[in-house]
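From a predicted model like this one, the values you see are computed outputs, not experimental measurements.
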Amino acid sequence: KATIQDDQAQIDRALIELDYTKIKAPISGKISNRLVDVGNLVGYDGPTKLTTINQIDPLYTYFSPSTQEVQIMNKYKEFKKMPTFIEVKNSSEYLKRGRLNGYVDFENNTVDPLTSTVNMRATLKNDKNEYLAGTFVYINLFVTDKKKFIMLPPDVIFESQLGKYVYVVDENSSANRVIVKTGYTSRFYTQIVDGLKDGDRVIVNAFMKLKEKLKVVPNDVTSTQGIDAIIAKNNLIPDVNTTK
């Protein structure tokens with residue numbers, strides 16, 4: 001009887017040790033290459049790294065806006081968790097990937113003294129596994145649509161020793177140079193703080209032959225090259241439902 005019980009204990013011990021060979025991942029995601037092979041002894045002299053798992057859905061995107069940009073966000077934001085989306089710009093249509101929608105869920109409580117930036121994080125839904133961890137992306141935040149701003153495409157604003165300026169068409173259909181003061185700037189638009197008012201006609205193309213006092217034949221391209229058209233073309237309004 002004692003021999004049988006000893007044999008059973010040996011069997012139970014073998015089953016326990018066998019259970020140790022089954023490693024359950026603590027998270028779901030995409031696994032990298034294995035670092036040990038079947039049959040290798042692990043954990044003999046400390047923990048043994050078997051592989052690396054990266055969480056794919058959701059993804060976290062870290063970014064560091066300037067303190068000025070953070071102040072703008074906190075002053076005008078409409079949502080406790082600001083809607084956001086990321087995208088990757090590719091030159092080839094075959095490599096184009098869809099954008100991921102999400103929201104900002106973390107803002108650091110200190111400013112980096114070396115860069116004057118604040119670390120922030122956005123959580124994004126990646127259910128189609130289009131993006132891998134470590135990808136460089138452009139991130140866009142939706143702050144508000146309740147505040148009125150005068151905006152222009154950045155490439156229509158020039159700079160000289162007198163400051164930044166744009167060309168406008170006066171009542172005599174002549175091109176005039178107007179000094180402007182700019183504010184916040186993104187890849188798609190620049191805020192005009194001073195120098196322009198509603199109704200001013202800003203020249204946005206045909207700059208090669210343009211000079212001051214030159215007579216021009218203006219053609220209204222607001223519907224195709226205005227800020228609203230740029231926002232619509234680049235689909236810059238995130239899905240606000242991701243914050244609910």
Side-chain angles (χ1 to χ4, degrees), residues 54-56 58-91 97 99-126 130-166 178-197 202 204 226-228 230-231 233-240 242-243:
N54 279 321
Q55 180 175 288
I56 298 299
L59 278 180
Y60 297 119
T61 296
Y62 292 88
F63 58 103
S64 299
S66 67
T67 53
Q68 181 183 8
E69 291 171 332
V70 173
Q71 289 174 346
I72 293 174
M73 295 176 197
N74 292 333
K75 181 177 180 180
Y76 296 110
K77 67 179 181 180
E78 296 180 46
F79 300 88
K80 184 176 181 180
K81 294 182 178 181
M82 286 181 290
T84 183
F85 68 87
I86 64 168
E87 56 185 343
V88 174
K89 295 297 183 182
N90 295 305
S91 57
R97 283 173 281 185
R99 76 182 197 184
L100 301 184
N101 293 303
Y103 56 89
V104 176
D105 64 348
F106 170 76
E107 177 183 333
N108 207 351
N109 59 357
T110 59
V111 177
D112 187 331
L114 298 178
T115 60
S116 293
T117 58
V118 178
N119 185 250
M120 301 180 74
R121 184 185 75 177
T123 298
L124 305 145
K125 187 172 180 59
N126 186 35
E130 289 188 271
Y131 291 80
L132 294 177
T135 303
F136 177 80
V137 298
Y138 289 102
I139 186 164
N140 301 271
L141 279 71
F142 179 78
V143 180
T144 181
D145 62 354
K146 307 301 182 184
K147 183 71 176 179
K148 290 186 177 181
F149 298 96
I150 295 179
M151 297 287 191
L152 288 178
D155 53 0
V156 307
I157 303 173
F158 303 94
E159 190 167 3
S160 68
Q161 294 179 339
L162 298 177
K164 296 181 179 179
Y165 65 91
V166 297
V178 176
I179 301 296
V180 296
K181 181 180 179 181
T182 61
Y184 176 75
T185 298
S186 74
R187 291 181 295 132
F188 301 102
Y189 43 76
T190 297
Q191 178 189 5
I192 304 300
V193 178
D194 189 32
L196 293 178
K197 61 183 183 300
V202 179
V204 297
I227 294 301
D228 287 341
I230 293 175
I231 291 175
K233 178 181 178 182
N234 294 279
N235 197 17
L236 296 181
I237 302 298
D239 181 8
V240 297
T242 56
T243 63

Minimum heavy-atom separation for F136 to V88, with atom names?
O-CG2, 3.7 Å
Rounded to the nearest 0.5 Å, what separation is found between the CD atom of Q68 and the OG1 atom of T117?
13.5 Å
Taking D105 as the fixed residue, which of K81, R121, K80 is the one that meets the side-chain hydrogen bond (donor to acceptor under 3.5 Å, both in side chains) rule?
R121
Quick check: closest heavy atoms across P65 and M120, and the distance to 0.1 Å?
CG-SD, 3.4 Å
Would you be so kind as to tabulate the donor-acceptor pairs closer than 3.5 Å made by side chains of residues 71-78, with sequence neighbours excluded?
from, atom 1, to, atom 2, distance (Å)
N74, ND2, V70, O, 3.3
E78, OE2, T144, OG1, 2.8
E78, OE2, D145, N, 2.9

OG1 (T61) and CD1 (I86) are apart, to the nearest 0.5 Å, by 4.0 Å
Among K164, Q191, E159, which residue meets the side-chain hydrogen bond (donor to acceptor under 3.5 Å, both in side chains) test with T182?
K164
Tell me which one of N108, D112, V111 satisfies side-chain contact (heavy atoms from CB on, under 4.5 Å) with N119.
N108
From L100 CG over to I139 CD1, what is the distance, rounded to the nearest 0.5 angstrom?
10.5 Å
Under 3.5 Å, side chain of N126 to main-chain N/O of I56, donor-acceptor pair present?
yes
Determine the minimum heavy-atom distance between I230 and P153, stating which atoms define it.
CD1-CG, 3.7 Å
Which atom names give the shortest non-hydrogen contact between F85 and L124, and what distance separates them?
CA-CD2, 4.4 Å
How long is the gap from CZ on F149 to OH on Y189, to the nearest 0.5 Å?
9.5 Å
Minimum heavy-atom separation for Y103 and T84, please, with both atom names.
N-CG2, 3.5 Å
Heavy-atom closest pair (R99 atom, Y131 atom, distance to 0.1 Å) is CA-OH, 4.1 Å
How far does CE of M151 sit from CZ of F188, to the nearest 0.5 angstrom?
13.0 Å
L236 vs R187, test: side-chain contact (heavy atoms from CB on, under 4.5 Å). Steps then yes/no.
CA-CA 11 Å; L236 296 181; R187 291 181 295 132; 5.9 Å; no
